[in-house]
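The next block holds one structure in the form of structure tokens; read it before the comments.
Proteins get letters first, then strands, A, B, ... in listed order; numbering begins at 1 in each. For clarity, every value in this text was computed on a predicted model and none was experimentally measured.
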Amino acid sequence: MPVGTAATVKGVFHRDLVSEVNAQIILANTYHLYLRPGMDTLTRAGGVHRFCGWDRPMLTDSGGFQVFSLSGVRKLSEEGCKFSSHIDGSKHLFTPENVIDTQRVIGADIMMAFDECPPGDAPYDYAAKSLGLTHRWLGRCFEQFAKTSPMWGHRQSLFPIVQGCAYEELRERSAQFVQQFDADGYAIGGLAVGEPAEVMYRMIEVVNAILPTGKPRYLMGVGTPVNLLEAIERGVDMFDCVMPTRNGRNGMLFTSEGVINIRNKKWENDFSPIDPQGTAFVDKVYTKAYLRHLAISGEMMAAQIASMHNIAFYTRLMAQAREKIIDGSFAEWKKEMVAKLLTKL
RNA sequence: GGGAGAAUACCAGAGUGGCCAAAUGGGGCAGACUGUAAAUCUGCUGACGUACGUCUUCGGUGGUUCGAAUCCAUCUUCUCCCA
């Protein structure tokens, strides 16, 4: 894979693996990654293209975020996280060890550490306690990682996750702590979980002032196109987010002219292409009026078209960011783009 | 020709004397969605007012009643059954 090319991760779950992997496979997700030149260093450290063996790396989450979103049917302890399946009520336990095992089985190129992701408004005491747990779990993740080997013939990386809620001091401590593992890349977690965007940006600054510049920094779960540009400006290299697909399914389109709610009546008779400057084939083939019709009619194809458009839009945005970083015009370009991206059509 | 039933807001459809500006669903209008329990969720949808509220609505007309979408009479339209 060419250095710095955005990668769309494909699910590669094999049916034969499901029984081995058990319930955990439900919680191991595939990701859309948006990479910028920071990935150069990952290439040097092992090579995105070499270290995954395919031209598109697969990244899996550990289940840490589910621990966060499951609050209510979960129980945290030093050992791990016990929770009930929402499907059949059966009990399951995630531990740093078995989560690593699972990701070995899945064969992810980039595996994530098992962490606790506290809410954005967590009080200091809770945040500090939670960070301690996340750090102890991190040690166990790397122990298990060292004890086990890849099962599928390609190298796997394990990324630690910096936590610390909205407290600079905790974030700094975590960014320091995490480096002892000399990982191929570092993730920033626990952001965009309810705190104001400005707080998130500040935390990124604090953390990125400490994390090594030579390795990819992965901002987990973020975010809006503007969030991405702000984070890139602050030194982030990788992202993943449900937004392009989920919001797409719900009728929100990110376009080169601004944000569109395709269900709004104003598009009823707009027979212009979805995004004249878009790079996905759906952008030129379908009109706004048609897409609106599909969305209003509850047609699955609306969700598909919108998702394809949004993913292409995100990918293109990241590709542009790379170009602008390389030719040194990122700052100006970003300023223009932010204004556009905030426009509601 | 004879008999039975029905007419409710954009649509469908509850309500059958006061708690009804009128359930519910659809449609319409808008909003939310950030490491995916999410093709989802929320709000508004007679008029005027931010709001307490006020006014005009339940096929037409006329009655009964303190009070009617609800009861009575009549007209109109529609549906069904029998000839």
**Asked** How about A:Met220 and A:Met112: do any of their side-chain heavy atoms sit closer than 4.5 Å?
**Response** yes

**Request:** Sticking with atom C1', work out how far B:U76 lies from B:U24, rounded to a whole angstrom.
**Result:** 30 Å

**Asked** For the pair made of CD1 in A:Ile296 and C1' in B:C29, what is the distance, rounded to whole Å?
**Response** 10 Å

**Request:** Write down the distance separating the C1' atoms in B:A21 and B:C44, rounded off to the nearest Å.
**Result:** 15 Å

**Message:** Are A:Phe83 and A:Phe94, when compared by the centres of their aromatic rings, separated by less than 6.0 Å?
**Reply:** yes

**N/O donor-acceptor pair, side chain A:Gln163 with base B:G35, under 3.5 angstrom** = yes

**Asked** Base, sugar-phosphate alone, or nothing: which one does A:Gly64 contact when heavy atoms must sit under 4.0 Å apart?
**Response** nothing

**Message:** With a 4.5 Å cut-off on side-chain heavy atoms, are A:Tyr218 and A:Asp240 touching?
**Reply:** yes

**Item:** Mate of B:A39 where both pairing distances stay under 3.5 Å, Watson-Crick or G-U
**Value:** none

**Message:** Using Watson-Crick or G-U wobble geometry with both distances under 3.5 Å, which nucleotide pairs with B:A73?
**Reply:** B:U61

**Message:** Strictly by salt bridge (Lys or Arg N to Asp or Glu O under 4.0 Å), give each pair with a member in residues 270-297 of chain A just once, sequence neighbours left out.
**Reply:** none

**Asked** Hey, which of these two, A:Ile161 or A:Met300, hits RNA chain B nearer its 5' end, going by closest nucleotide?
**Response** A:Ile161

**Item:** Whole-Å distance separating the CG atom of A:Asp237 from the P atom of B:G35
**Value:** 19 Å

**Request:** Using a 4.0 Å heavy-atom cut-off across all strands, classify A:Glu268 as base, sugar-phosphate, or nothing.
**Result:** nothing

**Message:** From CD1 of A:Ile262 over to P of B:A30, roughly how many Å is that when rounded to an integer?
**Reply:** 12 Å

**Message:** Pairing check on B:C20: which nucleotide meets the Watson-Crick or G-U wobble criteria with it, both distances under 3.5 Å?
**Reply:** none

**Length of the CZ-C1' vector between A:Arg249 and B:A37, whole Å** = 12 Å

**Asked** Taking any strand in view, what nucleotide pairs with B:C33 in a Watson-Crick or G-U wobble way, both distances under 3.5 Å?
**Response** none

**Asked** Expressed in whole Å, how much space separates the C1' atoms belonging to B:A30 and B:C75?
**Response** 44 Å

**Item:** Distance-only donor-acceptor check, side chains A:Tyr201 and A:Glu233, under 3.5 Å
**Value:** no

**Request:** Once you apply the 3.5 Å cut-off to both distances, tell me the Watson-Crick or G-U wobble partner of B:G25, or none.
**Result:** B:C11

**Request:** Sticking with atom C1', work out how far B:U8 lies from B:U57, rounded to a whole angstrom.
**Result:** 10 Å

**Request:** Using the P atoms only, state how far B:A69 lies from B:C78, rounded to an integer number of Å.
**Result:** 26 Å

Expected rows: protein N/O vs nucleotides 31-34 of chain B N/O, under 3.5 Å:
unit_1, atom_1, unit_2, atom_2, d
B:G31, O6, A:Arg263, NH2, 2.9
B:A32, OP1, A:Lys344, NZ, 3.3
B:A32, OP2, A:Lys344, NZ, 3.0
B:C33, O2', A:Asn247, OD1, 2.9
B:C33, O2, A:Asn250, ND2, 2.7
B:U34, OP1, A:Arg246, NH1, 3.0
B:U34, O3', A:Gly221, O, 2.8
B:U34, O2', A:Gly221, O, 2.4
B:U34, O2, A:Asn227, OD1, 3.2
B:U34, N3, A:Asn227, OD1, 2.9

**Complete:** A:Phe239 CZ to B:G35 P, in whole Å, measures 13 Å

**Asked** Do the ring planes of A:Phe145 and A:Phe142 sit parallel (below 30°), tilted (30 to 60°) or perpendicular (above 60°)?
**Response** perpendicular

**Asked** What orientation do A:Phe114 and A:Trp137 show, parallel under 30°, tilted 30 to 60°, or perpendicular over 60°?
**Response** parallel

**Message:** Distance check, C1' atoms only: B:G67 and B:C20, in whole angstrom units.
**Reply:** 13 Å

**Asked** Using purine N1 to pyrimidine N3 plus N6-O4 or O6-N4 for Watson-Crick, or N1-O2 and O6-N3 for G-U wobble, both under 3.5 Å, which nucleotide pairs with B:A68?
**Response** none

**Aromatic plane relationship, A:Phe177 with A:His135 - under 30° parallel, 30 to 60° tilted, over 60° perpendicular** = parallel

**Prompt:** For A:Val285, what are the other residues in its hydrophobic cluster, where any two members join if their side-chain heavy atoms are less than 4.5 angstrom apart?
**Reply:** A:Leu253, A:Ile260, A:Ile262, A:Trp267, A:Ile274, A:Phe281, A:Val282, A:Tyr286, A:Tyr290, A:Leu291, A:Leu294, A:Met301, A:Ile305, A:Met308, A:Leu345

**Message:** Between B:G59 and B:C55, how many Å separate the two C1' atoms, rounded to a whole number?
**Reply:** 23 Å

**Item:** Gap between atoms CG and P, on A:Asn310 and B:U36 respectively (whole Å)
**Value:** 17 Å

**Item:** Nearest-angstrom distance, P atom, B:G25 to B:C41
**Value:** 12 Å

**Message:** Can you work out whether A:Glu299 or A:Met112 has the more 5'-proximal nearest nucleotide on RNA chain B?
**Reply:** A:Met112

**Request:** Could you please name the option among B:G35, B:U36, B:A30 that lies closest to any side-chain atom of A:Asp115?
**Result:** B:G35

**Request:** Can you tell me the pairing partner of B:C48 across any strand shown, Watson-Crick or G-U wobble, with both distances under 3.5 angstrom?
**Result:** B:G53

**Fill in**
Under a 3.5 Å limit on both distances, the Watson-Crick or wobble mate of B:C78 is B:G5

**Complete:** B:A39 glycosidic conformation (syn if within 90° of 0, otherwise anti) is anti

